[in-house]
Amino acid sequence: QVQLVESGGRLVQAGGSLRISCAASGRFFSSYDSGWFRQAPGKEREFVAAIMWSGGGTKYADFVKGRFTISRDNAKNTVYLQMNSLKPEDTAVYYCAAGGSVYSITYRPNTWGQGTQVTVSS
């Protein structure tokens, strides 16, 4: 069973950058595709980015392309989300997820973390 713990969320000014992390426990995390989702107040959870187990393929939501980068370090059992040019509308709780397939039409992971709050001030 894989468990996921996010960290690094904080208050940042618009235009700034932030990297959030997801540390995983479990022997087989490096064999799972992983991703990030977010949920803003009053809105449904939405897909942000995903990465293959090998790090060899990625997928992004259109609204973060060119601004966010997902990466992973399997030796550290950690997935990262580097966020640049942050906007107030990026304010949300960001959730790490694992499982499923990046190359599915809709990425549907089966394991979730508790989330980390990212707040972007204008």
How far does CH2 of W112 sit from CG of N110, to the nearest 0.5 angstrom?
9.5 Å
Within the supplied structure, the quantity of interest is the number of heavy atoms (other residues, nucleotides, ligands) at a distance under 6.0 Å from Q3 CD; does it exceed 12?
no
Supply the atom-to-atom distance Q39 CD to E46 CD, rounded to the nearest 0.5 angstrom.
9.5 Å
What's in the same ILVMFWY side-chain cluster as V64, cut-off under 4.5 Å, chained through other members?
V2, L4, V12, L18, I20, F28, F29, Y32, W36, V48, I51, Y60, F63, F68, I70, V79, L81, M83, L86, Y94, V118, V120
For the atom pair CG (D33) and OG (S54), what is the distance rounded to the nearest 0.5 Å?
8.0 Å
Report yes if some heavy atom in the side chain of E6 is under 4.5 Å from a heavy atom in the side chain of S21; otherwise report no.
no
At their closest point, which heavy atom of P109 faces which heavy atom of A97, and how far apart are they?
CG-CB, 3.4 Å
Smallest heavy-atom separation, R38 atom then E89 atom, equals NH2-O, 3.9 Å
Separation of S122 OG from K87 NZ (nearest 0.5 Å):
14.0 Å
Between the main-chain N or O of A49 and the side-chain N or O of K59, is there a donor-acceptor pair closer than 3.5 Å?
no
Quick one: closest heavy-atom pair of T116 and G9, and the distance?
OG1-N, 3.0 Å
Test: R72 cationic atom under 6.0 Å from W53 six-membered ring centre, within 45° of axis
no
Between F37 and Y95, does the ring centre distance come in under 6.0 Å?
no
Is Y80 isolated, or which residues cluster with it under the ILVMFWY side-chain rule of less than 4.5 Å, directly or via members?
none
Hey, what do you get for OG (S121) to CD (Q13), rounding to the nearest 0.5 Å?
5.0 Å
Of all the heavy-atom pairs spanning P88 and A14, show the shortest one and how long it is.
CD-CB, 4.1 Å
As an exercise, state the distance from OG of S30 to NZ of K76, rounded to the nearest 0.5 Å.
15.5 Å
Examine the side chains of D73 and T78 and answer whether a donor and an acceptor come within less than 3.5 Å of each other.
no
Under a plain distance cut-off of 3.5 Å, with no hydrogens placed, do Q117 and T119 share a side-chain donor-acceptor pair?
yes
